[in-house]
Amino acid sequence: MPTDLPKTYDPAAVEAQAYQTWLDEKCFAADAAAPGEGYCIVIPPPNVTGALHLGHAINATLQDILIRMHRMAGYNTVWIPGIDHAGIATQAVVEKQLKEQENKTRHDVGREGKGGLVERIWAWKQQYGDRIINQLKRLGCSCDWDRTRFTLDEMCARAVRHTFFKLFKDGFIYRGKRLVNWDIFLQTSISDDEIYKETVKTSMWHIAYPIENRDGDGSASESKTGTGTVSPRPAQMIVATTRPETMLGDTAVAVHSQDPRWNWAIGKHVRLPLTGRLIPIIADDILVDPKFGTGVVKVTPAHDPNDYAVWQRRQPKPGQPAVSGVEPIDLINILTPDGKINENGGPYAGLKRDAARKKIVEDLTAQGLLVKEEPHEAQVGHSDRSKTPIEPYLSDQWFVHMAPLAEPALEVVRNGTIKFYPERHAQQYLAWLGEKRDWPISRQLWWGHRIPVWMFLWNGPHADLPSDSQQVRMELPYLTNEQNQTIAVQVMRPGGKGDIFIGVCVLPGNPEIESLIEKNGGRQDPDVLDTWFSSALWPHSTLGWPDSTPDLDKWYPTSVLLTGRDIITLWVARMVMTGMYNMGFAPSSGTPGEGGGGGTTEQCSPHPNPPPEYQGRGSRQEVGRALGIPFYDVAINPTILDGKGERMSKSKGNGVDPVDVIDTHGADALRFTLATMATETQDVRMPVKKDAQGRNTSDKFDLGRNFCTKLWNASKFAISNFESQIPVPVDESNWSLADHWIISRFNRAVAESDAALKVYRFDVYAKACYDFFWRDFCDWYVEAAKPAMKDPKRAGQTANVLATVLDGSLRLMHPIIPFITETIWWRLNEVRPERELPGRLEGSGNTPRLIKAKWPTVGAFCEDAEHVFPKLQEIIVAIRNVRNDYKVDVKKPVKVSINAPGEEATQKVLENRELIEILATCRLIAVAPAVAPPADSIRVSAAGAELFIEGVIDPEAEKQRGGKRREELTKLIATLIARLNNAGYIAKAPPELVQQTKDQLAAAEAELQKLDQ
RNA sequence: GGGCCAUUAGCUCAGUUGGCUAGAGCGCAGGUAUCACACACCUGAGGUCACAGGUUCGAGCCCUGUAUGGCCCACCA
């Protein structure tokens, strides 16, 4: 393999070669048995819906930085990649494609089998899954690809079924009728998080509901106001609605109990127009705001979340008689799953909801019951998947009971066992989880983990209903005792009324039991699980759970989770819950579900006996391990927005494919730039432009590209110096000031990077690399080294320092720009294998691959060099400054005399005379503690010294220059005097600060005085 | 309505427990084909730190309020 560096940096060539080498040599492969403390990250699995964009790229880049850094630092490191099957999202795109390309629905092609929808989605998965993996590879991700998981693969499926079984057996899963968000296009329920609001122009219809028996035997005979005047009782109640068709499902009208206009009517009835049903007038002080509108609200429990809550409030508590005044109300579903009015809608049955609305408004108008219609803008929830309006819909769904699972997950964040970076994001986690709302986990989809429960309709009399699981088992006499150990059973009464089912959950790996059950009339639930159910298990399922594997033992809990803030609740919180549930925490007092218990005693968890209290003694690691948390740290990466501040998305067309950026700028440039943007501020603005080839990219990445080019050129230069050079033993006593300085600066950069990475400040790390390498190393050290390398007496030591600092820089920067550093490393190894400065810059050496080299340690600082060198920089800049101001020809040296403050300073200047002369293009004529100003010279101050520069006379420029400086000094002196005149400052500020101010004042006054001479 | 965040140079952003004349990149102005690099080098201009109060010897930073923008949650029938 040729290692010499071509003149121009070509990212594409460099990247392809380096990545192939890492793959060929299995540099990413991890082994749990290898030595070193475990360090593990599981990737947030991208949705297989489509291709990755820059949001994924920043997330992956930051993970790779951590992975590579820890791998170099000697940890036994693994990064587990994978992809999410993304249930509803993926099914939706494939169904859409099916519709567009073949004009078919999923019902036309069927679920399973050849040409079925599931097969088609797998084909999609193959295509996009591969594309995603390739994108990650182009980014340079050092994932252990042999461990790539898919949330729907066998390994994940097994974990899903075990978890479901465990939850089912523990009574944490139940089936119930719930009002869900129904997507009538996809015919599935979707979660709240998959809904977006859209403003829709519609109307507010005011409808009259005639009151029955208005003056009849109600409890209140008259409606009285505070003044005792009698209001006439109206004959009808006016309700306002944006959805008149739902009145077909009204089962009450509600008023406020303290509303004098209406409280007399409580207990009476209204005659529902069109259908003629009699429905009660009820009091509900939660639903009704008496100050709003007419004070009357129609109640449609089956089609409105608030109304459903009313229905729930009026349900009798089990075992308790109904309370007077809060009698239960009816629940009438008026919709079919595809959004048409059902048989409960009488004459409107069969109409689509919009048609029904139109017809109902017409009929109401005809009957004179439509009081008014006014324009209205409503926020209507739409399905993020099908982009159609969602319908609140009553259906049978599976739920996870959250309270017992959420509590421990809250506690580990409260007590700091799990830490968020930045910390404030923990609040969102705590707030959401604190609500402990039950988690609806069933989806009426075909793409996903099928719910592993087989259902039997209970045909016997209710009185004979088995009261415990033992008796339920009697209903399955065909199962042996042994087989009985692999099932769990529940009696289910969804909605409290109607049919009763017996549900049997079977542990995975028992197909013979499944078929036995099916032969005996059991039917597997057709629904699949919410996609987050499988992602929730990601950290332990990918490591082999439910088996007790070496991987789990080595790498669980994982070290850190890096993700975007939008899924803190959906994903992070659920991983913590299921992780603790499966890996450590045993809920002691969960609320058992109906018919819970029984089943198997199989132990899923390799940590069977966690301490009962979370505030365990011991290290965070010990506690975390015992509790089974999935990770210790959660680092939130910023969201990437486009130039207008809008979120990137495919549908908006403002998304950027990282591969496009890699093609225009290079992967290292992309990574470096993204890292600099990973600040603690929430969002990153990324102006997007389209280049000539139609690629979406951004000038922002010039930053990273320029840096890489700089690194390439500087390395090429340094290495070219070693090609014909014979190394000499390191001899620190012959180092120059610049040598000491650059090594010390390097060590500072390492220390800064370590500290930054520990708290996930990738921007600080990137900046430390940038400032050190470009500003210190290239701008100053390399320039200082040039003359030294030409001097045979000094070349040897200079080469030692130059080579070793380059070596250290490559190691320091490898995690952020891996391709280019690796490539340069190979050449450096070849040309200059010996690189080590004992005590100053260690751990160097010619490890064949940089990816496996040692992460730099912080060597000794040189305070003296770090103090003196900047003063020389100041002097050089001051001279350059004058040269520029006076427009001196760039090649023409100027004569400079330096009046240095004291013998030591004089000495330092003389020692570094060459540095000053070359970098400032000048000749030092005289350097002493009291140099007389040469005639016709310009006087400037720098680093406490006075410089006299000859041969640049330009009276006009000089006048301007002096005037400007005088102004600055006068202003500064005024500030300093004011500060020193402040008695409080003298009394209370630290003495060294006061002294500093005095020194500063003296210096400024002295300079001003000389300027005036 | 509740909560979180932001507001610093023309633009995009840093600024750590309050303490030197508030920084970077891009852009801008002037200069430079110098043998690593014009994707570069040298120099410079540019800021009332959103606004109003307060605490303090001292505030970009802490407190209170206001304005503007963004996000999350709950949402009026």
Side-chain angles (χ1 to χ4, degrees), chain A residues 5 7-9 192 197 204 239-243 253-254 287-289 291-300 304-307 378-379 422 424-425 427-428 431-432 435 565-566 568-569 639 641 643 645-647 665 669 673 676-677 679-687 699-700 702-721 755 759 761 763-764 767 770-771 775 778-779 782-783 786 877 880-885 887-891 919-921 968-969 971-972 975-976 979 982-990 992-994 996-997 999-1000 1004:
Chain A
L5 305 176
K7 179 163 167 52
T8 46
Y9 163 54
D192 292 347
K197 300 282 182 175
M204 179 73 82
V239 299
T241 181
T242 53
R243 307 204 42 203
V253 289
L287 180 71
V288 182
D289 176 0
K291 291 190 282 293
F292 188 89
T294 59
V296 183
V297 185
K298 67 194 273 294
V299 181
T300 321
D304 181 280
N306 292 308
D307 297 355
Q379 296 284 307
R424 65 184 130 89
H425 290 298
Q427 291 176 49
Q428 200 190 334
W432 184 83
E435 289 182 27
R565 66 177 187 282
D566 48 334
I568 289 172
T569 52
T639 304
L641 308 174
E646 286 184 45
R647 217 187 159 84
H665 288 78
T673 308
T676 60
M677 293 176 155
T679 68
E680 286 202 323
T681 319
Q682 291 190 33
D683 298 332
V684 170
R685 286 211 180 189
M686 175 77 67
D699 292 342
K700 285 272 161 190
D702 292 356
L703 169 76
R705 183 200 55 195
N706 295 353
F707 183 66
C708 289
T709 306
K710 189 72 179 177
L711 170 61
W712 184 266
N713 288 321
S715 302
K716 199 155 48 76
F717 171 73
I719 288 169
S720 71
N721 276 288
V759 294
R761 283 300 303 267
D763 61 318
V764 175
K767 186 112 192 322
Y770 186 98
D771 286 345
R775 303 274 85 100
C778 292
D779 287 355
V782 170
E783 293 307 319
K786 278 178 182 173
V877 169
R880 285 174 176 171
N881 184 339
V882 170
R883 294 180 53 94
N884 260 290
D885 282 359
K887 305 201 188 314
V888 179
D889 184 295
V890 281
K891 283 174 190 152
L919 295 189
T921 321
E968 279 171 13
L969 284 170
K971 215 170 126 191
L972 176 63
T975 316
L976 295 174
R979 191 174 299 166
N982 184 334
Y985 179 68
I986 304 295
K988 296 189 184 174
E992 62 273 17
L993 196 67
V994 177
Q996 197 185 324
T997 310
D999 294 347
Q1000 222 181 331

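Values reported hereafter were calculated over all heavy atoms of this structure, with side chains retained and with hydrogens, waters and symmetry mates removed.
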Trainee: Quick check on B/A40: is either OP1 or OP2 less than 4.0 Å from any side-chain nitrogen or oxygen of A/N706?
Mentor: yes
Trainee: Which whole number of Å gives the distance between the C1' atom of B/G70 and that of B/U34?
Mentor: 49 Å
Trainee: Mapping A/L976 and A/A718 onto RNA chain B by nearest heavy atom, which one lands closer to the 5' end?
Mentor: A/L976
Trainee: Using the six-membered ring of A/Y9, assess whether NZ or CZ of A/K710 lies under 6.0 Å from its centre and within 45 degrees of the ring axis.
Mentor: no
Trainee: Please state the C1' separation for the pair B/C61 and B/U7 - nearest whole angstrom.
Mentor: 14 Å
Trainee: Taking the same atom, P, in B/C42 and in B/G47, what whole-Å distance lies between them?
Mentor: 24 Å
Trainee: Quick one: A/R243 CZ to B/A77 P, roughly how many Å, whole number?
Mentor: 12 Å
Trainee: With respect to the phosphate group of B/G44, does any side-chain polar atom (N or O) of A/N881 fall under 4.0 Å of OP1 or OP2?
Mentor: yes
Trainee: Strictly below 4.0 Å: does A/Q1000 bring a side-chain N or O up to OP1 or OP2 of B/U21?
Mentor: yes
Trainee: Ignoring hydrogens and angles, does a donor from either the side chain of A/R880 or the base of B/C42 sit under 3.5 Å from an acceptor on the other?
Mentor: no
Trainee: How long is the straight-line distance from CD of A/Q428 back to OG1 of A/T569, given to the nearest 0.5 Å?
Mentor: 6.0 Å
Trainee: Nearest heavy atom decides the nucleotide; on that basis, is A/D307 or A/K7 closer to the 5' end of RNA chain B?
Mentor: A/K7
Trainee: Taking A/D307 for the side chain and A/T300 for the main chain, is one N or O donor matched with an acceptor at less than 3.5 Å?
Mentor: yes
Trainee: Between A/R775 and B/G25, is there a contact of a side-chain N or O with OP1 or OP2 at under 4.0 Å?
Mentor: yes
Trainee: On a whole-Å scale, what distance lies between the C1' atoms belonging to B/U56 and B/U66?
Mentor: 23 Å
Trainee: Check every strand shown and say whether A/R979 touches a base, only sugar-phosphate, or nothing at a heavy-atom separation below 4.0 Å.
Mentor: sugar-phosphate
Trainee: Give a yes or no on whether a donor-acceptor pair under 3.5 Å exists between the nucleobase atoms of B/A36, that is its base, and the side chain of A/E783.
Mentor: yes
Trainee: For atom C1', what is the distance between B/G15 and B/C73, given to the nearest Å?
Mentor: 32 Å
Trainee: For the C1' atoms, the ones on B/G19 and on B/U12, what distance do you get once it is rounded to whole angstrom?
Mentor: 29 Å
Trainee: Could you tell me whether A/D779 contacts a base, only the sugar-phosphate backbone, or nothing, with contacts defined as non-hydrogen atoms closer than 4.0 Å?
Mentor: sugar-phosphate
Trainee: Considering only the P atoms, how many Å lie between B/G27 and B/C41, rounded to the nearest integer?
Mentor: 12 Å
Trainee: Using a 4.0 Å heavy-atom cut-off, does A/K767 contact any base of the nucleic acid, only the sugar-phosphate backbone, or nothing at all?
Mentor: sugar-phosphate
Trainee: Ignoring hydrogens and angles, state whether a donor on the side chain of A/R883 or A/T921 is under 3.5 Å from an acceptor on the partner side chain.
Mentor: no
Trainee: Please report the distance, rounded to the nearest Å, between CG in A/D702 and C1' in B/A40.
Mentor: 14 Å
